[in-house]
Novice: 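Questions regarding the structure given below will be posed in turn.
Order of the sequence lines sets the chain letters (A, B, ...), proteins ahead of strands, with each chain counted from 1.
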Amino acid sequence: MKTTETRVKQNPRPSDELPYRPDQVEAKWQARWAERHTNEPDLDRAARPFYNLMMFPYPSAEGLHVGNMFAFTGADTYGRFKRLQGFDVFEPIGFDAFGIHSENYAIKVGINPAELIPRNIENFRRQLRRIGGMFDWRHELSTTDPKYYKWTQWIFLQLLKAGKAYKKAAAVNWCPKDKTVLANEQVINGRCERCDSLVEQRFLSQWFFRITDYADRLLADLDDKSKMDWSESTVLAQRNWLGRSEGAELVFSGAAGQEGRGAANVTLTLSAAKGKGPKPRETGIRVFTTRPDTIFGATFMVLAPENPLVDAFTTDDRRAEVDAYRKMVAAKDLVSRKVGEREKTGVFTGGFVTNPATGQSIPVWIADYVLMEYGTGAIMAVPGHDQRDFEFARRYRLPIVRVVAPRSPDESSRAGRGIADPDVPLEEAYTENEQGVLVHSGQFDGLTVPEAKRAVTAWLAERGAGKATINYRLHDWTISRQRYWGPPIPIIYCDEHGAVPVPEKDLPVELPIIEDFRPDDSGISPLARHESWYHVPCPVCGKQGRRETDVSDTFLDSAWYHLRYPSTEFDDRPFDPARTRKWLPVDSYIGGNEHAVLHLLYARFVTMVLHDLGHLHFDEPYRKFRAHGTIVKDGAKMSKSRGNVVIPDEYIAQWGADTFRMYLMFLGPFQEGGDFRDEGISGPRRFLEKVWALVGDAIRTSHDKIPHNVLVKYHQTVKRVTEGMEQLHYNTSIAALMEFVNTLREEACTSPAMVEGLVLMLAPFAPHFTSESWERLGHDTSIFEARWPEWDEALVVEDQVEVVIQVSGKTRGRVSVPRGAEQGAVLAAAQEDAAVRRFTEGKEVRKVVYVPNRLLNLVVG
RNA sequence: GCCCGGGUGGCGAAAUCGGUAGACGCAAGGGACUUAAAAUCCCUUGGGGGCAACCCCGUGCGGGUUCGAGUCCCGCCCCGGGCACCA
């Protein structure tokens with residue numbers, strides 16, 4: 001049994017012990033890695049390729065902050081771990097330098113972003129080198145490089161060719177300050193994500209990508225573990241964003257201005273506003289509902305104010321009021337309309353439709369709580385069972401009918417299907433799904449809600465009034481930006497030939513350097529002011545045409561950068577087929593969960609389209625994705641406005657990159673992030689000093705004696721660290737290494753074998769320090785050419801184990817017994833224990849619970 | 001409102017197929033060395049009681065299951081993030 005006696009032996013350091021000088025060590029190794037191309041795998045001949053990707057930064061003027069460093073260090077640590085496991089790790093880096101961030105900053109300081117960005121990038125390079133990232137700088141890329149965005153434009157053309165890009169006039173979110181269209185996802189609570197101003201609604205002609213065509217695949221793959229091993233939180237965020245709803249599309253036939261019964265149906269033509277192409281002659285109003293079972297309670301219809309059907313249903317006497325309401329709604333932005341629990345407003349159109357279930361004529365209203373972008377832009381209102389419809393019905397005194405009632409708690413009613421209070425007036429909508437039973441619904445009375453959903457849908461389908469369908473919350477992706485700083489969308493407009501794609505041979509459509517790159521509120525990109533750029537011949541007929549002046553969304557740049565990295569040296573193709581086959585899909589991708597939806601969804605979509613077009617052999621880009629946590633300062637996200645941004649440079653200068661890296665990784669769980677408090681940084685530094693001294697001891701030692709308990713601790717450490725690395729539990733891996741160092745010191749063990757193992761396991765965290773240590777230990781090849789240590793399971797377990805003795809569940813003592821001891825032996829030992837005796841004396845032991853090698857619980861009466 | 005995380009010492013955190021709560025680190029206190037300081041090394045450090053051996057309490061709150069709960073179940077509270085009139 002281990003004694004508690006102190007066995008620390010002082011190891012007086014020789015006075016000539018080399019001090020640990022991080023500044024010198026780090027400069028030395030960074031230079032050497034560059035000279036020896038240590039971080040540049042042979043992309044064509046690598047035997048075990050491993051593509052280690054991290055989200056590339058936007059090169060801000062401020063440089064990398066601590067949060068970026070945390071993310072990159074965590075990803076780099078993983079890459080280095082994989083390298084030590086024998087993989088040929090490709091770890092590229094680049095810059096996401098287009099976009100509104102850069103442009104806004106450029107406007108602020110009055111310098112063209114084309115001039116500004118290279119400076120920022122230079123600063124980023126310096127910082128990324130300084131932190132010791134294992135980057136393959138041969139393959140650096142910037143999205144603003146014409147050699148890069150040539151292919152971004154090419155991708156646009158591929159989507160166009162595949163019918164996945166289209167143009168339509170649409171209500172868009174307009175930021176009056178940034179003077180640009182915003183994607184819905186860039187609008188936060190009715191305000192611009194970037195400048196916080198209130199967003200308005202405008203109608204502009206926009207390019208869209210048909211991501212909705214892929215909604216089902218994007219959703220299905222999330223469950224396919226063979227394609228996607230992703231952080232659960234990210235998968236959930238995507239699933240919610242896609243927003244699949246099962247339900248039915250139902251048709252309510254009707255006629256404008258006429259009382260429904262017997263009136264001839266008007267034939268209406270839906271415009272292509274939904275982007276699904278022209279709909280031939282549609283009759284009545286189509287709605288999407290998840291509750292077809294409640295159709296008997298549909299007492300009115302509501303159209304979105306923008307719905308093109310509104311005109312047809314509006315009667316002359318109601319037209320003035322309807323038009324006024326529509327105008328009022330259009331003045332509001334798209335988003336604030338959806339915010340909060342606003343009082344519902346609307347107007348009656350004068351029109352009626354027939355409820356296909358009841359045959360009753362019901363009025364058609366318009367209201368802004370119905371959104372044009374979702375479903376069909378129209379709903380059947382069931383005030384009894386939808387809270388929004390309920391509020392609307394109350395306000396406008398429309399009939400509220402109950403068609404679902406709770407099951408009776410009185411089980412004596414037949415088959416448990418008795419119904420509680422079917423005729424008590426509703427005080428709020430009854431929305432309970434599973435527990436409900438149909439009432440006032442003809443032949444469907446008595447069915448449960450799930451049963452009725454199926455039965456009613458089938459019944460309506462038979463009568464040609466509907467069909468089961470699935471709807472998604474996801475909208476098509478607006479990629480147009482009326483801005484300067486982005487890749488021009490490669491389209492030329494010709495009076496005769498319309499929108500003509502720029503021929504691939506003419507790519508890239510270079511972004512001209514213009515003096516006044518500020519947007520104005522014309523809604524047209526500043527590029528339109530550049531005459532010689534703007535006017536070009538039509539590629540089809542050669543007559544004068546005009547360039548598309550919109551640039552594409554920066555999310556398009558980042559949707560494919562991982563495809564470009566391995567192939568940056570090829571100017572004649574976006575991604576080389578052989579390279580792509582060897583390196584993609586990405587093996588590990590690490591990034592922030594703020595990109596859980598947009599970037600990661602768009603990248604998946606672009607990959608799917610390119611796959612379907614035959615350009616890629618895979619259709620999911622990132623095999624493994626892990627979301628890292630956020631570094632906060634004083635409990636708040638770091639931001640310039642809060643003034644709590646921590647710049648890492650001074651910490652690195654003072655403590656060294658390795659100490660800083662270790663501090664960040666030790667701070668807390670990598671996937672959770674944490675609060676940056678620099679008090680703790682001396683801990684990792686002291687730890688490195690101790691290891692430095694141990695390396696010195698190992699060099700001087702002439703024998704390699706390893707006490708058994710040290711050997712056991714070593715194998716336990718290898719196991720714990722290895723398992724921690726794979727799960728990105730860096731903080732506990734470091735803790736395990738610290739424990740091992742404590743053991744070596746307590747046991748005065750200077751075994752070179754033990755110290756080498758330690759140094760190897762430390763290498764992913766402290767690459768410079770361990771490179772130097774490895775050299776001091778007598779190796780003339782890089783530590784990253786060496787192999788990660790393995791553990792012997794037989795040596796992980798100890799021969800003697802401590803078994804806890806409990807009396808009635810309370811710990812009263814512990815005994816040391818050989819591993820695998822029988823209950824009887826442990827019991828005998830336990831009864832020797834004074835404390836155990838005291839608590840069991842004179843009492844009957846009713847029961848004994850024995851967990852081998854763990855505990856023995858004596859339950860007394 | 002809905003969906004995710006998360007609440008454990010003075011602080012960052014460990015431990016979740018239920019089995020010694022607080023590993024590892026920071027900070028703090030005491031000591032050694034030193035003319036002194038720094039550095040380094042040693043000891044103490046969840047709260048309470050006791051001279052001590054030891055004892056009681058303790059993982060956001062209230063219940064429950066169990067020989068045994070930080071961990072599982074039910075009902076809440078608080079913090080962080082995301083979504084939000086999605087039919």
Novice: Taking only nitrogen or oxygen atoms into account, show me every contact under 3.5 Å that the protein makes with nucleotides 45-50 of chain B, one pair per line with its distance.
Specialist:
none

Novice: Using a 4.0 Å heavy-atom cut-off, does A/Phe839 contact any base of the nucleic acid, only the sugar-phosphate backbone, or nothing at all?
Specialist: sugar-phosphate
Novice: Who pairs with A/Arg394 by salt bridge (Lys or Arg N to Asp or Glu O under 4.0 Å), at least two apart in sequence or on another chain?
Specialist: A/Glu427
Novice: Between residues 290-302 of chain A and RNA chain B, which residues have a heavy-atom gap below 4.0 Å?
Specialist: A/Thr290
Novice: Tell me whether the NZ or CZ atom of A/Arg388 lies within the 45° cone about the ring axis of A/Tyr369 and under 6.0 Å from its centre.
Specialist: no
Novice: With sequence neighbours excluded, what pairs up with A/His385 under the ring pair (Phe, Tyr, Trp, His ring centres under 6.0 Å) test?
Specialist: none
Novice: Assign A/Arg685 to base, sugar-phosphate, or nothing according to its heavy-atom contacts below 4.0 angstrom with the strands shown.
Specialist: nothing
Novice: Quick one: list whatever passes side-chain contact (heavy atoms from CB on, under 4.5 Å) with A/Val710, sequence neighbours left out.
Specialist: A/Ile706, A/Pro707, A/Phe740, A/Thr743, A/Leu744, A/Glu747, A/Cys749, A/Met754
Novice: Just N and O in the side chain of A/Ser682: are any of them under 4.0 Å from OP1 or OP2 of B/A27?
Specialist: yes
Novice: Quick one: list whatever passes salt bridge (Lys or Arg N to Asp or Glu O under 4.0 Å) with A/Arg239, sequence neighbours left out.
Specialist: A/Asp223
Novice: Between B/G1 atom P and A/Phe390 atom CZ, what is the distance in whole Å?
Specialist: 19 Å
Novice: Within the 4.0 Å limit for protein heavy atoms, which parts of nucleotides 7-20 of chain B are touched? Write it as a string from 5' to 3', B for base, S for sugar-phosphate only, - for none.
Specialist: ----SBSS----BB
Novice: Please classify the nucleic acid contact of A/Thr630 as base, sugar-phosphate, or nothing, using heavy-atom distances under 4.0 Å.
Specialist: nothing
Novice: Given atom CH2 of A/Trp241 and atom P of B/G81, what is their separation to the nearest angstrom?
Specialist: 18 Å
Novice: Taking atom P in both B/A32 and B/A23, what distance in whole Å separates the two?
Specialist: 27 Å
Novice: Determine the interatomic distance between C1' on B/C57 and the same-named atom on B/U8; round to the nearest Å.
Specialist: 15 Å
Novice: Write down the distance separating the P atoms in B/G6 and B/C17, rounded off to the nearest Å.
Specialist: 14 Å
Novice: Between B/G58 and B/G9, how far apart are the C1' atoms? Round to whole Å, please.
Specialist: 10 Å
Novice: Which residues pass the side-chain contact (heavy atoms from CB on, under 4.5 Å) test with A/Val646, sequence neighbours left out?
Specialist: A/Val66, A/Lys633, A/Met638, A/Tyr651, A/Phe676
Novice: B/C56 phosphate, OP1 or OP2: any side-chain N/O from A/Arg812 under 4.0 angstrom?
Specialist: yes
Novice: Pick the C1' atom in B/A69 and in B/G18, then give their distance to the nearest Å.
Specialist: 6 Å
Novice: For atom C1', what is the distance between B/U16 and B/C86, given to the nearest Å?
Specialist: 37 Å
Novice: In whole Å, I'd like the distance from the CD1 atom of A/Ile470 to the P atom of B/A87.
Specialist: 13 Å
Novice: For the P atoms, the ones on B/G22 and on B/G10, what distance do you get once it is rounded to whole angstrom?
Specialist: 15 Å
Novice: Mind calculating the distance between CD (A/Glu246) and P (B/A87) to the nearest angstrom?
Specialist: 12 Å
Novice: Syn or anti: how is B/G9 classified when any glycosidic angle within 90° of 0 counts as syn?
Specialist: syn
Novice: Scan A/Asp389 against the nucleic acid and name what it touches under 4.0 Å (heavy atoms): base, sugar-phosphate only, or nothing.
Specialist: nothing
Novice: My understanding is that only residues two or more places apart in sequence, or in another chain, count here; which of them pass side-chain contact (heavy atoms from CB on, under 4.5 Å) with A/Glu739?
Specialist: A/Lys713, A/Arg720
Novice: Can you list everything that forms a side chain to side chain donor-acceptor pair (under 3.5 Å) with A/His599? Sequence neighbours excluded, please.
Specialist: A/Tyr589
Novice: Counting any heavy atom closer than 4.0 Å, what does A/Arg846 reach on the DNA or RNA strands: base, sugar-phosphate only, or nothing?
Specialist: nothing
Novice: Using the C1' atom on both, measure B/C78 against B/C33 and round to a whole Å.
Specialist: 50 Å
Novice: Now, which nucleotide makes the Watson-Crick or G-U wobble pair with B/A39, with each of the two distances under 3.5 Å?
Specialist: none
Novice: A/Met665 CE to B/G25 C1': how many Å, rounded?
Specialist: 15 Å
Novice: Any side-chain N or O of A/Lys810 under 4.0 Å from OP1/OP2 of B/C57?
Specialist: yes
Novice: State which residues pass salt bridge (Lys or Arg N to Asp or Glu O under 4.0 Å) with A/Arg473; sequence neighbours excluded, sorted by chain then number.
Specialist: none
Novice: Please list, chain by chain and in numerical order, all residues satisfying salt bridge (Lys or Arg N to Asp or Glu O under 4.0 Å) with A/Glu428, sequence neighbours excluded.
Specialist: none
